[in-house]
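In what follows, a structure is listed as structure tokens, so that the remarks can point back to it.
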Amino acid sequence: MVIGVVAALTGGVAALGGVGATLSPIAMAVGKLYGIGGDINGFIDAHVTLMKESDSEVVSRTGSILEAAKFGFGLGYLSSVTVIATGQYLLGNTLAAVSAVATAATLTNPVAMTCAAVGAILYGWAALKDDERRSILETLASGLQIGVELIKAMVDFVIRTAGELMDAKLLKQLKQYIADKAALFGRSLADVTHLTVDVLSSAAASVMRQSQVAYAETARLAGETSEKVGSAVTEIAKVAGDAIGASGDAAWKVVEGGKDLVRRRRDDLPSD
């Protein structure tokens, strides 16, 4: 039984969310990130319930993963806090000093931050090198005041359960949560997953933004009307948007096509 193993691994972790319990440093950091001012156990319970009842299937199933971890490990709020904290590290947030930007984004949409954390574990854990995983595990174990093996068990549980509950469509949506929240910490989707297709998709998104800016500037120098510039920029966005998140080949075409479009536009400028 998971609960029996957990009891041995925790070595008697005291008062998991009980009244007057002293929170671990990382639990306090997660509480600050989510704006939890009081009962963290009550907040987590309400948060998970809200997710499970969501009309969004990916949100609902993410909530089910957290609930399954809570009952499977028998640790109350600590299981969810551990999952969230692990995901935060993979997103690029070490929780050492929770930024105002990250806190504001989480308070605005805490569900999205939780989905991003679960997604980061699913896609990012296996992408790490052994020494990177070891470093994160040791830091989390110290900050959460629990054992390394318990954290590893929770990570494995999340990866296995997410794989069982989510199909390709939901996994794609989960990736978008990762991309959105990793950006708060200066990272891209590819930085988290290390997957080639995500490297190309991130490059395509970057080319889309750069192409829009470059086109607008070269068109301005050519004296073109704002309507014409706006139409061209929209066209760039549509072409790139269709490929972002698609196959590696499609994303690669956007990267090269975007560069070529800007190059051709610059060649059209009148010479002095």
Side-chain angles (χ1 to χ4, degrees), residues 1-34 36 39-45 47-48 51-52 61-96 98 113-166 174 178 192:
M1 290 291 291
V2 172
I3 294 178
V5 174
V6 168
L9 292 174
T10 58
V13 175
L16 299 177
V19 177
T22 300
L23 297 178
S24 67
I26 285 184
M28 287 190 287
V30 170
K32 182 178 180 181
L33 179 65
Y34 280 76
I36 305 171
D39 177 15
I40 189 170
N41 195 53
F43 175 90
I44 293 294
D45 281 347
H47 182 59
V48 170
M51 293 182 69
K52 285 183 59 190
R61 296 202 176 191
T62 301
S64 294
I65 292 170
L66 292 178
E67 182 181 65
K70 173 184 176 180
F71 289 114
F73 287 90
L75 292 175
Y77 81 91
L78 185 57
S79 57
S80 294
V81 167
T82 300
V83 170
I84 291 170
T86 304
Q88 287 299 309
Y89 266 77
L90 294 171
L91 289 170
N93 179 14
T94 64
L95 296 171
V98 180
M113 185 63 85
T114 301
C115 286
V118 171
I121 291 175
L122 178 60
Y123 279 103
W125 189 252
L128 297 175
K129 297 178 181 177
D130 288 344
D131 60 330
E132 292 174 324
R133 278 193 293 270
R134 190 179 309 113
S135 176
I136 290 176
L137 285 168
E138 290 173 354
T139 300
L140 288 172
S142 175
L144 287 164
Q145 299 173 351
I146 58 178
V148 166
E149 293 304 318
L150 176 56
I151 299 172
K152 289 170 63 176
M154 289 188 189
V155 168
D156 290 343
F157 178 84
V158 168
I159 293 173
R160 183 176 67 255
T161 307
E164 293 171 353
L165 293 181
M166 297 193 184
L174 207 58
I178 300 171
V192 177

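Heavy atoms only: backbone and side chains are in, while hydrogens, waters and symmetry mates are out.
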For D131, side-chain hydrogen bond (donor to acceptor under 3.5 Å, both in side chains) partners two or more places apart: none
Those residues that, when tested against T86, pass side-chain hydrogen bond (donor to acceptor under 3.5 Å, both in side chains) (two or more places apart): none
If you round to the nearest 0.5 Å, how far is [atom2] of [Y] from [atom1] of [X]?
{"X": "L150", "Y": "L140", "atom1": "CG", "atom2": "CG", "answer": "11.0 Å"}
{"X": "I146", "Y": "F73", "atom1": "CD1", "atom2": "CZ", "answer": "9.5 Å"}
{"X": "L144", "Y": "T82", "atom1": "CG", "atom2": "OG1", "answer": "4.5 Å"}
{"X": "I65", "Y": "K52", "atom1": "CD1", "atom2": "NZ", "answer": "12.0 Å"}
{"X": "L174", "Y": "L122", "atom1": "CG", "atom2": "CG", "answer": "6.5 Å"}
{"X": "I26", "Y": "L33", "atom1": "CD1", "atom2": "CG", "answer": "12.0 Å"}

Min side-chain heavy-atom separation Y77-D39 under 4.5 Å: no
Any side-chain heavy-atom pair of W125 and I136 under 4.5 Å: yes
[X] side chain to [Y] main-chain N or O, any donor-acceptor pair under 3.5 Å?
{"X": "N93", "Y": "Q88", "value": "no"}
{"X": "T139", "Y": "S135", "value": "yes"}
{"X": "T161", "Y": "F157", "value": "yes"}

Ion pair check, K70 and E67, cut-off under 4.0 Å: no
Provide the closest heavy-atom pair for [X] versus [Y] in the form atom of the first, atom of the second, distance.
{"X": "A141", "Y": "I151", "value": "N-CD1, 3.5 Å"}
{"X": "V158", "Y": "V83", "value": "CG2-CG2, 3.7 Å"}
{"X": "R133", "Y": "L128", "value": "NH1-O, 2.7 Å"}
{"X": "K129", "Y": "E132", "value": "N-OE1, 2.7 Å"}
{"X": "L23", "Y": "A27", "value": "CB-CB, 4.2 Å"}
{"X": "L91", "Y": "V192", "value": "CA-CG2, 4.4 Å"}

T62 vs M166, side-chain contact (heavy atoms from CB on, under 4.5 Å): CA-CA, chis, key distance, verdict: CA-CA 9 Å; T62 301; M166 297 193 184; 3.3 Å; yes
